[in-house]
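So the structure is just underneath, and the comments pick up after that.
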Amino acid sequence: MSITEHKTTVDSREWFYRLAEPIGRTDLLPVLLLHGLVSQSYSWRKILPALAQQGTKAIAPDWIGFGFSSKPEKRDFAYTPDAFITALEGFVQALELKRFSLVVQGFLGSVGLQYALRHPEQIANITILNTPISSTVKLPWKIQQMGLPLAGEMMTQDPLLVDRTLEGGSRYVIPDKDLDVYRQPFLKTSAAGRALLSTIRNLQLAKAMSEIETGFKDWQQPILIQWGVIDPWLNVDIAENFAKSVPNGELVKLNNVGHYPQEHYHETILQDLLPFVRRAESS
């Protein structure tokens with residue numbers, strides 16, 4: 001199954017997204033996969049084809065400000081969770097996604113969870129991979145630094161920060177051919193660094209975590225939590241406590257896996273993810 005690249009314009013902003021179309025089965029709901037910081041939809045490159053293979057349409061956008069999507073200046077886009085949620089509403093509408101499975105990962109994946117809480121009727125089930133989901137979470141120093149006055153402006157203009165963050169978080173080397181794709185937006189325009197800087201400065205993590213902790217206590221749809229246990233930034237305790245606090249949560253611990261599980265351990269993820277999203281029939 002091949003991944004195709006597409007663009008769609010919503011409210012004068014261009015969304016870039018990767019799509020894997022299924023051949024055959026069509027009674028399964030589509031899956032929307034959302035990336036975290038400092039990543040892009042390319043992180044789902046090994047997950048998308050496997051979903052399509054089983055008859056599931058799989059869509060992974062680059063958030064506004066990231067990857068190959070539009071990178072508006074902060075005067076035109078606030079880079080707050082609310083701004084991202086509103087933008088995502090437009091994207092979901094443009095693709096005519098009525099009901100879908102949601103997969104989120106990383107810092108910014110939490111925005112996807114806030115979206116779910118505000119649009120529960122659209123969400124059939126949720127898979128969470130190493131995403132902030134607790135009020136105990138603090139932004140890791142590696143990412144905090146990128147938001148500092150002056151230093152942040154310089155750091156976010158360095159394309160190598162992508163290498164250092166992705167490899168530091170995952171605890172494994174990422175091949176150069178893949179890092180080249182992640183670096184590309186930063187080599188192409190300084191707007192990529194400014195968008196990252198604005199996002200980090202406007203994450204409103206405490207407020208977001210409060211919404212997520214409170215909101216999911218009454219959430220009825222199934223939640224699969226897949227957690228890399230050697231994540232240097234998000235402890236596995238966070239996942240354990242969250243799984244206990246939700247009515248319909250299942251936790252799968254991924255040994256020897258860090259913050260970006262889909263980079264190196266897609267096969268392990270797919271063992272549980274494929275049957276989990278298959279449960280959601282479109283009827």
Side-chain angles (χ1 to χ4, degrees), residues 7-17 32-43 60-94 104-119 131-132 137-166 169 181-212 233:
K7 289 182 176 176
T8 185
T9 302
V10 184
D11 297 329
S12 75
R13 296 187 197 102
E14 195 171 68
W15 283 84
F16 172 94
Y17 64 99
L32 181 67
L33 302 100
L34 301 176
H35 68 83
L37 297 175
V38 297
S39 192
Q40 50 166 280
S41 62
Y42 186 69
S43 70
D62 289 348
W63 282 110
I64 294 297
F66 291 82
F68 302 95
S69 288
S70 288
K71 297 166 186 67
E73 296 300 330
K74 61 184 178 187
R75 67 176 175 272
D76 300 315
F77 186 75
Y79 290 97
T80 58
D82 283 347
F84 282 116
I85 289 163
T86 301
L88 186 59
E89 286 166 353
F91 177 76
V92 167
Q93 208 168 356
V104 301
Q105 187 272 321
F107 290 85
L108 212 53
S110 54
V111 175
L113 296 177
Q114 290 175 277
Y115 177 91
L117 289 171
R118 299 181 196 186
H119 299 275
T131 299
V137 168
K138 300 283 181 283
L139 201 60
W141 176 238
K142 196 180 235 350
I143 293 176
Q144 262 188 56
Q145 286 175 298
M146 297 174 204
L148 293 174
L150 301 177
E153 268 88 354
M154 288 166 61
M155 283 181 76
T156 49
Q157 289 302 323
D158 177 6
L160 292 180
L161 81 88
V162 179
D163 306 28
R164 290 193 291 268
T165 310
L166 292 174
V181 181
Y182 286 120
R183 287 184 207 122
Q184 218 175 320
F186 292 88
L187 293 167
K188 206 170 160 188
T189 170
S190 58
R194 289 196 295 278
L196 177 60
L197 181 75
S198 295
T199 302
I200 290 164
R201 286 181 175 171
N202 293 290
L203 260 183
Q204 301 172 357
L205 205 54
K207 187 178 166 191
M209 292 304 100
S210 172
E211 182 178 353
I212 287 167
W233 304 327

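Hydrogens, waters and symmetry mates play no part in the numbers below; they use all other heavy atoms, side chains included. These numbers come from a predicted model, not from an experiment.
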Check: [X] side chain, [Y] main-chain N or O, donor-acceptor pair, under 3.5 Å:
{"X": "D11", "Y": "R13", "answer": "no"}
{"X": "Y79", "Y": "P72", "answer": "yes"}
{"X": "T165", "Y": "V162", "answer": "no"}
{"X": "H35", "Y": "W63", "answer": "yes"}
{"X": "Q144", "Y": "L139", "answer": "yes"}
{"X": "Q93", "Y": "G90", "answer": "no"}
{"X": "S110", "Y": "P132", "answer": "no"}
{"X": "T131", "Y": "G106", "answer": "yes"}
{"X": "S210", "Y": "A206", "answer": "no"}
{"X": "Q40", "Y": "V181", "answer": "yes"}

Close side-chain approach of [X] to [Y], heavy-atom, < 4.5 Å:
{"X": "Y115", "Y": "L34", "value": "no"}
{"X": "F107", "Y": "I200", "value": "no"}
{"X": "L108", "Y": "V111", "value": "yes"}
{"X": "L161", "Y": "V38", "value": "yes"}
{"X": "M209", "Y": "I212", "value": "yes"}
{"X": "F91", "Y": "I64", "value": "no"}
{"X": "F77", "Y": "F84", "value": "yes"}
{"X": "E14", "Y": "F68", "value": "no"}

Would you give the length of the straight line joining atom [atom1] of [X] to atom [atom2] of [Y], rounded to the nearest 0.5 angstrom?
{"X": "M154", "Y": "L148", "atom1": "CE", "atom2": "CG", "value": "12.0 Å"}
{"X": "Q145", "Y": "I143", "atom1": "CD", "atom2": "CD1", "value": "10.5 Å"}
{"X": "D62", "Y": "W15", "atom1": "CG", "atom2": "CH2", "value": "9.0 Å"}
{"X": "L196", "Y": "K71", "atom1": "CG", "atom2": "NZ", "value": "11.5 Å"}
{"X": "E89", "Y": "R118", "atom1": "CD", "atom2": "CZ", "value": "8.0 Å"}
{"X": "S198", "Y": "E73", "atom1": "OG", "atom2": "CD", "value": "8.0 Å"}

What are the two closest non-hydrogen atoms of [X] and [Y], and how far apart are they?
{"X": "P81", "Y": "Q114", "answer": "CB-OE1, 3.5 Å"}
{"X": "G147", "Y": "L197", "answer": "CA-CD1, 4.0 Å"}
{"X": "R194", "Y": "Q157", "answer": "N-NE2, 3.8 Å"}
{"X": "S39", "Y": "Y182", "answer": "OG-CE2, 3.6 Å"}

One pair to check against side chain to side chain contact (heavy atoms under 4.5 Å, CB included): M146 and L37. What are the steps and the verdict? CA-CA 11 Å; M146 297 174 204; L37 297 175; over 6 Å; no
Please list, chain by chain and in numerical order, all residues satisfying side chain to side chain contact (heavy atoms under 4.5 Å, CB included) with A60, sequence neighbours excluded. L33, S41, W44, L48
Considering residues at least two apart in sequence or located in another chain, which fulfil the side chain to side chain contact (heavy atoms under 4.5 Å, CB included) criterion with T80? A78, D82, A83, N202, Q204
Report the residues that fulfil ring pair (Phe, Tyr, Trp, His ring centres under 6.0 Å) with F186, sequence neighbours left out, ordered by chain and then residue number. none
Just wondering, more than 12 heavy atoms not from L150 lying within 6.0 Å of its CG? no
Do other residues, nucleotides or ligands put more than 12 heavy atoms under 6.0 Å from the NZ atom of K142? yes
